[in-house]
There are 2 protein chains.
Amino acid sequence: IEKFKELSPAQFFARYREVAGFSNPARALYQAVRELVENSLDATETHGILPDIKIAIRQSIDNPRFYTITVEDNGIGIQPQYVPNAFCKVLFSSKYVLRQTRGMYGLGIKAAVLYAQMTAGSYVEVITSPVNSTRIYYFKMKIDLGRNEPLIFERGSWRKSREWHGTIVSLTLEGDWPRAKQKVFEYIKRTAVITPYANIVFVSPDEELVFFKRSVEKLPQPPLEVKPHPCGVDVELLKEILRNSSEPVINVLTKSFQGVGVRAVEEALKIASIEPSKPSLKLTDQEIVKLAAVLKGISIDALIRARESTRAATVIDMLIELEVPATKDALTKLLNDLNIDPLSNPRSLSDEAIEAIYRGIAKLYPKIRPPSPKALSPLGEGIIEAGLKKIFNPEFVKAISRRPRVYQGHSFIVEVAVAYGGGVPSSSEPTLLRYANKIPLLYDEKADVSWKVIERINWEQYNITMPAPLIILTHVCSTKVPFKGVGKESVADVPEVERELSLAIKEALRALRDHLVRRMKEELAKRK
Amino acid sequence: IEKFKELSPAQFFARYREVAGFSNPARALYQAVRELVENSLDATETHGILPDIKIAIRQSIDNPRFYTITVEDNGIGIQPQYVPNAFCKVLFSSKYVLRQTRGMYGLGIKAAVLYAQMTAGSYVEVITSPVNSTRIYYFKMKIDLGRNEPLIFERGSWRKSREWHGTIVSLTLEGDWPRAKQKVFEYIKRTAVITPYANIVFVSPDEELVFFKRSVEKLPQPPLEVKPHPCGVDVELLKEILRNSSEPVINVLTKSFQGVGVRAVEEALKIASIEPSKPSLKLTDQEIVKLAAVLKGISIDALIRARESTRAATVIDMLIELEVPATKDALTKLLNDLNIDPLSNPRSLSDEAIEAIYRGIAKLYPKIRPPSPKALSPLGEGIIEAGLKKIFNPEFVKAISRRPRVYQGHSFIVEVAVAYGGGVPSSSEPTLLRYANKIPLLYDEKADVSWKVIERINWEQYNITMPAPLIILTHVCSTKVPFKGVGKESVADVPEVERELSLAIKEALRALRDHLVRRMKEELAKRK
Ligand SMILES: Nc1ncnc2c1ncn2[C@@H]1O[C@H](COP(=O)(O)OP(=O)(O)OP(=O)(O)O)[C@@H](O)[C@H]1O
Ligand SMILES: Nc1ncnc2c1ncn2[C@@H]1O[C@H](COP(=O)(O)OP(=O)(O)OP(=O)(O)O)[C@@H](O)[C@H]1O
Ligand SMILES: [Mg+2]
Ligand SMILES: [Mg+2]
């Protein structure tokens, strides 16, 4: 007979630490360094502070299996009343808001603390001083696994004697520096390359010191919290927004979302057959499902899927089945204007026809503005090209930073770059450098959506023959990067993101092709 | 200023559904089918019932984006008092015990219910009748995300009119059958191939019916729950075991672990300098850390790591640094007996020397029996070879089922097979068929530890030249498979598991090489 039981989030991630990236001592050492560094960069850059980050890994003298990792930053610090939960309560975070940060899960530092506790029985020590505080605070803690609560063993505070704000975090855990070394150095270097405004110092267990000195005094525009975008919003989020208020639904929707004015909301409610003055919490489940579909609008991906999966025998019936907000006559006219026979078989629609229908239909939906980019903080073509030139000294480099798009209510920007020739080493497949929310991703390359896109590329189409000296850099930044796992090593193939990566990479490769063609003509001209 | 917040496990996995495998409609449809089928196989096979599983996916008539998945089994059913939490409380499970099952996280069905709720606003419907019950129970439910609690909308029960036990689960969600089709069929087929004792019926949205008929009437031995094995046990688990009792620590340890008798526990306590009669809950943190290290013993992997990361200048000092439980004289004698100079540089130790030292040191640790295989349920060489012959009709097939090993207190068995020639298609890299706890893994192949091992193989050493008609099947079964993510698509490179896979694959490839060499000789002989 089966024994049923519940686990706390702390017990769950302690037991299944591999899903958070702590699968072996080398990987755990790497992951713990990442979690601390990513928290420090969030605490500085996101708040308009030029980052000064110090990272030290020391091997324990009495037991060489154990390493002590200490990371110090000059960030905004943490208010003392939040420190215990921030470091010792799993699924507790200040980054659950819609704003691009490296952190997102409320798990990172806790997963490292759990691993340290389990392998070395050790405590996490935190020294922090918030920006506007006159005091410095000290905590020595562990996680109570069963309750998912902090256990505080020591605490103290004292007045600041000098102008300092920031945080120092220290943990001791079982690691494997020889096997982690190459990845840790690569991670820090690839981080420094795209954060030229940061000072990063790293001292290794072999007592090597590496100093990435700030080469740029100007911070990028920090991202700002925004409201969700209605496109792709899910039923549960919409419910949560609506059920909290007895105000008329038209008011609640207008102030809860970005990108929609009163007229667009009115239109959406009309299509969903909902009375605008109806109190928000009185909406029925069916009305909410209908409203979510209308707000979501139609995406080109949904049209493509409909072409393949519809049971309708004609294009006009396929559109009706998709519940496009228009009369049959209006849709028939739209199709006729596009020279598409409404009674033709949906399977016969070309991709161009789908795009044309998409643009036509989009006009029928409520006017929803594109997502605001202010929650995002892309790298920018300048930083990407400068970084690639610095490391590789290529003959050609081209970065593309796309416009903001939306998936599931989250705005995102895709940036890519290609570097070719010069100091770039030749290889049988392109060297892929992946980033997500400015974090370098070093593992699980072939499981990543960027690789899925690259695998499909027909290199001949771009005048490239493998082996070739080709580097492709990809950066996906979003208010929610759809990582495949909480260890943040690869990005999932969400259709909208995959599509943007594909368009961006092809755009960059076309620029490379033009360069290669031009260079070939110049060489031919020289020989004559 | 940062806004701190806590998420419930339901809110967390709803928000970050990609980490559970629900990254796009096609993938979500696949994952939901998996979660239901894996629960049904656990409810039958694990309990000595020959499985009859029926799977139906129907496309919704009014909205072709939505699909209703229904899975029925003849398993042990679920007692009504547990149904609401089993289906609607994230991190609630009957499989948190040490016994091989497909399920392990207490998340699977809930992740599918969350996705269904978010995309279609739908309910999960469950009909179940436990084996020994006279009634059938019905529930229609949703998950309260904020509280991580079930919301029951309808419930009922009635007397059974015929002899039936089992469970029927139905959910409606946004899917994409055309893009999921190939993977869903492959998943069901690869499941059927290794469960020849199961009847599996599948009806697709295109109304194709596939019937995998039972070809074997005998079930494999069901796995039985065991106690943890002390090798690799972590500090937190040891604490949990010890802090619950005021009995003498020698008693608590002997009855809480498998593989250790009173003498072995006495010896371990002596090495850790702990009084055997000391009340278990009085052990200090330092004593528990020391005890965990002694119970863990020394693994060959730890010795290899020590060789690379030790600060000791001599082999004898490296062993002392590892806290091997013996005097300096005893260790010096051990090394001299192995013809290893105790004062030599650790870096100069060959792999064979490491192995010899390992075997010598293992004798110094308490006698701990190898893990019991009764918690495991391997496929067995017979089923694997029969399955490969059936699908591929190869010229050569060889399966290897290794002995049980341990990592982090969990027993595991690695099974591999190679199939070559005959009907096997030729390709530039081997075709890899991965399984874990009898679940076929279809995604993230290159991120899997099996691929990491295969990538390092020098094919020439086995008389194989690529492209070749070669299939490699791997199966890792354990009381805890170290998956990389809760979507269960790839296995993490835990050192002990990676090592076993490497040894097993090489063993199978040597058998293939012998076959190829023999065949080549026969061909040469024929020509003479
Ligand atoms: N160095 C730091 N400076 C300021 N705040 C910090 C620092 N480190 C952690 N925090 C705070 O602690 C919280 C929890 O950190 P944690 O790493 O567990 O989660 P996260 O960063 O929010 O998300 P993720 O799990 O993706 O890393 C953060 O949200 C942040 O508010
Ligand atoms: N068809 C079924 N028959 C009997 N019990 C079931 C069935 N489906 C689910 N259960 C019960 O519900 C529990 C929760 O299922 P769920 O899939 O969420 O988690 P799990 O199978 O334990 O782990 P995992 O998340 O790895 O799938 C199971 O542990 C099992 O006890
Ligand atoms: Mg973090
Ligand atoms: Mg399950």
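Just so it is clear, the structure is predicted and the values come from calculations on it, not from any experiment. Letters go in sequence order (proteins before strands), and every chain restarts at 1. The figures here come from the full heavy-atom set of this structure, side chains too, leaving out hydrogens, waters and symmetry mates.
Neither the backbone nor the side chain of A:Leu238 has a heavy atom closer than 4.5 Å to any heavy atom of chain B. For chain A, the nearby part of B:Glu323 is the side chain; its heavy atoms alone come within less than 4.5 Å. For B:Met318, no part lies near chain A; criterion is any non-hydrogen pair under 4.5 Å. Neither the backbone nor the side chain of B:Ala14 comes within contact range of chain A; no heavy atom of the residue lies under 4.5 Å from a heavy atom of that chain. Looking at A:Tyr67, the atoms closer than 4.5 Å to chain B (heavy atoms on both sides) all sit in the side chain, from C-beta outward. Using a 4.5 Å cut-off between heavy atoms, B:Lys452 does not touch chain A at all. The contact between A:Val289 and chain B is made entirely by side chain atoms (from C-beta outward), counting heavy-atom distances below 4.5 Å. Of the atoms belonging to B:Tyr115, not a single heavy atom falls under 4.5 Å from chain A. With a 4.5 angstrom heavy-atom cutoff, B:Glu174 touches chain A only via side-chain atoms. For chain A, no part of B:Pro130 is nearby; none of its heavy atoms comes within less than 4.5 Å. Of the atoms belonging to B:Ser8, it is backbone heavy atoms, and not side-chain ones, that fall under 4.5 Å from chain A.
The greatest number of non-hydrogen atom pairs below 4.5 Å with chain B, out of A:Gln286, A:Arg305, A:His47, is found for A:Arg305. When B:Ala292, B:Ala86, B:Ala306, B:Pro25 are compared by the number of non-hydrogen pairs under 4.5 Å with chain A, B:Pro25 comes out ahead. Counting heavy-atom pairs under 4.5 Å between each of A:Gln79, A:Arg15, A:Gln11, A:Glu240 and chain B puts A:Arg15 at the top. Comparing B:Thr310, B:Asp206, B:Asp176, B:Asp285 by heavy-atom pairs within less than 4.5 Å of chain A, the highest count is held by B:Asp176. The greatest number of non-hydrogen atom pairs below 4.5 Å with chain A, out of B:Glu225, B:Glu498, B:Glu445, is found for B:Glu225. No other option in A:Ser93, A:Pro9, A:Pro178 has as many heavy-atom pairs under 4.5 Å with chain B as A:Ser93. Of the listed residues B:Gly487, B:Pro482, B:Ala492, the one with more heavy-atom pairs under 4.5 angstrom with chain A than any other is B:Pro482. For the options A:Leu114, A:Val233, A:Leu7, heavy-atom pairs under 4.5 Å to chain B are most numerous at A:Leu7.
Below 30°, between 30° and 60°, or above 60°: for A:Phe13 and B:Phe13 the angle between ring planes is below 30°, a parallel geometry. Between B:Tyr82 and A:Phe4, the angle of the ring planes stays under 30°, which puts this pair in the parallel group of the 30/60° scheme.
In this structure, B:Asn24 and A:Asp493 have side chains that are in contact, with non-hydrogen atoms separated by less than 4.5 Å. At a threshold of 4.5 Å between non-hydrogen side-chain atoms, the residues B:Asn85 and A:Glu6 do not count as touching. Using a 4.5 Å heavy-atom threshold, the side chains of A:Arg179 and B:Glu308 count as touching. Looking at heavy atoms from C-beta onward, B:Arg17 lies in side-chain contact with A:Gln408 at the 4.5 angstrom threshold.
How far CD of B:Gln117 is from CD of A:Glu236: 4.5 Å, rounded to the nearest 0.5 Å. Between atom CD1 of residue B:Ile61 and atom CZ of residue A:Arg311 there is a gap of 6.5 Å, rounded to the nearest 0.5 Å. From B:Glu18, atom CD reaches atom CZ of A:Phe483 across 10.0 Å, with rounding to the nearest 0.5 Å. The OG atom of A:Ser490 sits 14.0 Å away from the NZ atom of B:Lys446 when rounded to the nearest 0.5 Å. With rounding to the nearest 0.5 angstrom, the OG1 atom of B:Thr119 is 8.5 Å from the CG atom of A:Asp234.
When the side-chain hydrogen bond (donor to acceptor under 3.5 Å, both in side chains) test is applied to A:Asn132, no partner is found at least two apart in sequence or on another chain. With sequence neighbours left out, B:Arg99 forms a side-chain hydrogen bond (donor to acceptor under 3.5 Å, both in side chains) with A:Glu2.
A distance-only check finds no donor-acceptor pair linking the side chain of A:Tyr443 to the backbone of B:Ala447 [under 3.5 Å]. Looking at B:Lys3, its side chain never comes within 3.5 Å of a backbone N or O of A:Tyr96 through a donor-acceptor pair. A:Lys484 places no side-chain N or O within donor-acceptor distance of the main-chain N or O of B:Ala20, the cut-off being under 3.5 Å. Between the side chain of B:Gln59 and the main chain of A:Ser309, a donor-acceptor pair closer than 3.5 Å is present.
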For this session: Please test B:Val486 against A:Phe12 for side-chain contact (heavy atoms from CB on, under 4.5 Å), starting from the C-alpha separation and ending with a verdict.
Result: CA-CA 11 Å; B:Val486 295; A:Phe12 182 79; 4.0 Å; yes

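Taking the charged nitrogens against the carboxylate oxygens, B:Arg65 and A:Glu321 have no contact shorter than 4.0 Å, which rules out a salt bridge.
Other residues, nucleotides and ligands contribute at most 12 non-hydrogen atoms within 6.0 Å of the CD atom of A:Glu207.
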